[in-house]
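Contents: one structure, followed by commentary.
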Amino acid sequence: MGRVRRAAQGGPGPGGGPGVLGIQRPGLFFLPDLPSAPFVPRDAQRHDVELLESSFPAILRDFGAVSWDFSGTTPLPRGWSPPLAPGCYQLLLYQAGRCQPSNCRRCPGAYRALRGLRSFMSANTFGNAGFSVLLPGARLEGRCGPTNARVRCHLGVKIPPGCELVVGGEPQCWAEGHCLLVDDSFLHTVAHNGTPEDGPRVVFIVDLWHPNVAGAERQALDFVFAPDP
């Protein structure tokens with residue numbers, strides 16, 4: 001609990017102080033003394049990784065049920081968020097720690113998987129879960145997540161050629177039916193360099209607790225960063 005108190009009192013961020021430029025720059029909350037690496041070993045969250053991967057067929061079916069043509073020529077379908085950037089869409093089952101009941105009902109397999117996870121940040125404003133879609137030619141350039149207390153799990157749903165993920169200067173590839181664990185407080189870039197014929201890149205994203213955040217610290221941070229009522 002000592003590091004939570006230090007963080008709450010405005011202790012130094014990565015690199016020795018707030019605002020110091022570097023490849024890890026969480027935007028809202030930095031928990032000190034956490035082991036940091038752009039990609040986290042799968043074994044660090046083995047239960048949740050294995051559960052999500054075993055749920056892949058159901059999650060793929062759910063995406064098929066809520067998918068659309070993503071052409072931008074038709075009104076945004078129910079449940080889909082306005083694009084984060086051109087060609088970047090999300091359908092969230094949990095947004096900032098709040099369940100989105102309509103989307104959960106439309107995606108029963110994905111919702112069932114989320115309910116079985118041990119480390120999902122389901123009661124914290126840093127916790128999100130849902131489908132992330134990137135169209136050919138789209139790019140999310142150089143951004144950092146809000147905190148190093150979470151690990152963002154990417155389950156590959158549809159991964160065409162030409163897609164790339166670079167976190168902290170380290171490139172990685174998604175694979176359909178498999179999870180990547182990403183510390184998104186590191187500077188990261190996502191791009192789909194494929195052709196329109198390749199179709200969209202789709203991943204199912206779940207925010208998990210960093211494996212080195214203790215249970216008492218999770219409870220304290222859930223209190224501090226409780227979702228809006």
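Both backbone and side-chain heavy atoms feed into the values below; hydrogens, waters and symmetry mates do not.
A heavy-atom distance below 4.5 Å is not found between the side chains of Ser67 and Phe131. For the pair Leu117/Val206, a side-chain contact is recorded, criterion being any heavy-atom separation below 4.5 Å from C-beta on. Contact check for Pro108 versus Asp62: side-chain heavy atoms found under the 4.5 Å cut-off. Counting only heavy atoms from C-beta outward, the side chains of Leu187 and Arg143 never approach each other to under 4.5 Å. Taking 4.5 Å as the limit, some side-chain heavy atom of Pro82 sits within range of a side-chain heavy atom of Leu76. A 4.5 Å side-chain heavy-atom check between Val190 and Trp174 finds at least one atom pair inside the cut-off. Side-chain contact between Gln24 and Asp183 is present, with heavy atoms from C-beta onward closer than 4.5 Å. Between Val182 and His188 there is no side-chain heavy-atom pair separated by less than 4.5 Å.
Panel note: side chain Asn148, backbone Ser36; no donor-acceptor pair is recorded below 3.5 Å. For Asn212 (side chain) and Leu34 (main-chain N/O), no donor-acceptor pair under 3.5 Å exists by modelled atom type. Side-chain atoms of Arg201 do not come within 3.5 Å of backbone N or O of Pro160 as any donor-acceptor pair. With hydrogens and angles disregarded, no donor-acceptor distance shorter than 3.5 Å links the side chain of Arg106 to the backbone of Val66. Between the side chain of Asp198 and the backbone N or O of Thr195 there is at least one donor-acceptor pair closer than 3.5 Å. Using modelled atom types, no side-chain atom of Asn193 and backbone atom of Cys163 make a donor-acceptor pair closer than 3.5 Å.
If you take NE2 on His192 and CG on Leu140, they are separated by 12.5 Å, rounding to the nearest 0.5 Å. Separation of atoms CD (Glu170) and CG (Leu165) is listed at 10.5 Å; rounding is to 0.5 Å. Here Leu114 contributes atom CG and Ser122 contributes atom OG; the two are 9.0 Å apart, rounded to the nearest 0.5 Å. Cys153 contributes atom SG, which lies 5.0 Å from atom CG of Leu52 (distance to the nearest 0.5 angstrom). Taken from CZ in Arg78 to OG in Ser102, the straight-line distance is 4.5 Å, to the nearest 0.5 Å. One finds the CD atom of Gln95 at 9.0 Å from the CZ atom of Arg98 (value rounded to the nearest 0.5 Å).
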Dump the intermediate steps for salt bridge (charged side-chain N to carboxylate O under 4.0 Å, His left out) on Arg6 and Asp33, then the final yes or no.
-> CA-CA 11 Å; Arg6 295 203 309 275; Asp33 304 328; 2.4 Å; yes
Could you walk me through whether Tyr89 and Leu134 pass the side chain to side chain contact (heavy atoms under 4.5 Å, CB included) check?
-> CA-CA 7 Å; Tyr89 295 92; Leu134 200 65; over 6 Å; no
Phe70 and Trp80: CA distance, side-chain angles, deciding distance, side chain to side chain contact (heavy atoms under 4.5 Å, CB included) verdict = CA-CA 10 Å; Phe70 301 106; Trp80 287 90; 3.8 Å; yes
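The hydrophobic cluster containing Phe204 also contains Leu60, counting ILVMFWY residues as joined when their side-chain heavy atoms lie under 4.5 angstrom apart, directly or transitively. Side-chain heavy atoms closer than 4.5 Å link hydrophobic residues (I, L, V, M, F, W, Y) into clusters, and following such links, possibly through other members, connects Ile205 to Ile159. There is a path of hydrophobic side-chain contacts, each under 4.5 Å, that joins Leu93 to Leu51. Hydrophobic clustering keeps Leu84 apart from Leu92 (ILVMFWY residues linked when any side-chain heavy atoms are closer than 4.5 Å, directly or through intermediates). Note: the hydrophobic cluster containing Trp68 also contains Val202 (ILVMFWY, side chain heavy atoms under 4.5 Å, direct or indirect links).
Side chains of Ser132 and Gln90: no donor on one and acceptor on the other come within 3.5 Å. A donor-acceptor contact closer than 3.5 angstrom is absent between the side chains of Arg139 and Thr189.
A salt bridge links Arg152 with Asp207; the closest basic N to acidic carboxylate O contact falls under 4.0 Å. With respect to Glu176 and Lys158, no salt bridge is recorded, no charged nitrogen being found less than 4.0 Å from a carboxylate O.
The nearest pair of heavy atoms linking Ala138 to Gly87 is CB-O, 3.7 Å. For the residue pair Ser55 and Ala113, the shortest heavy atom distance occurs at OG-CB, 3.6 Å. Annotation for Gly169 and Pro171: closest pair O-CD, 3.6 Å, computed over non-hydrogen atoms. Looking at every heavy atom in both residues, Arg218 comes nearest to Ser119 through NH1-OG, 3.8 Å. The two atoms that bring Ala110 and Ile59 nearest to each other are CA-CG1, 3.9 Å, heavy atoms only. Scanning both residues, Ala149 and Val213, for their nearest heavy atoms gives O-CG2, 3.9 Å.
By the side chain to side chain contact (heavy atoms under 4.5 Å, CB included) test, Glu53 is found to be paired with Arg42, Val49, Leu155, His178, Cys179, residues two or more places apart in sequence or in another chain being considered. For Phe225, the ring-ring contact (aromatic ring centres under 6.0 Å, His included) partners two or more places apart in sequence, or in a different chain, are Phe29, Phe126.
A cation-pi arrangement is absent between Arg150 and Trp209 under the rule of less than 6.0 angstrom and at most 45 degrees off the ring axis.
Among residue pairs with one or both ends in residues 95-122, those qualifying as ring-ring contact (aromatic ring centres under 6.0 Å, His included) are Tyr94-Phe120; sequence neighbours excluded.
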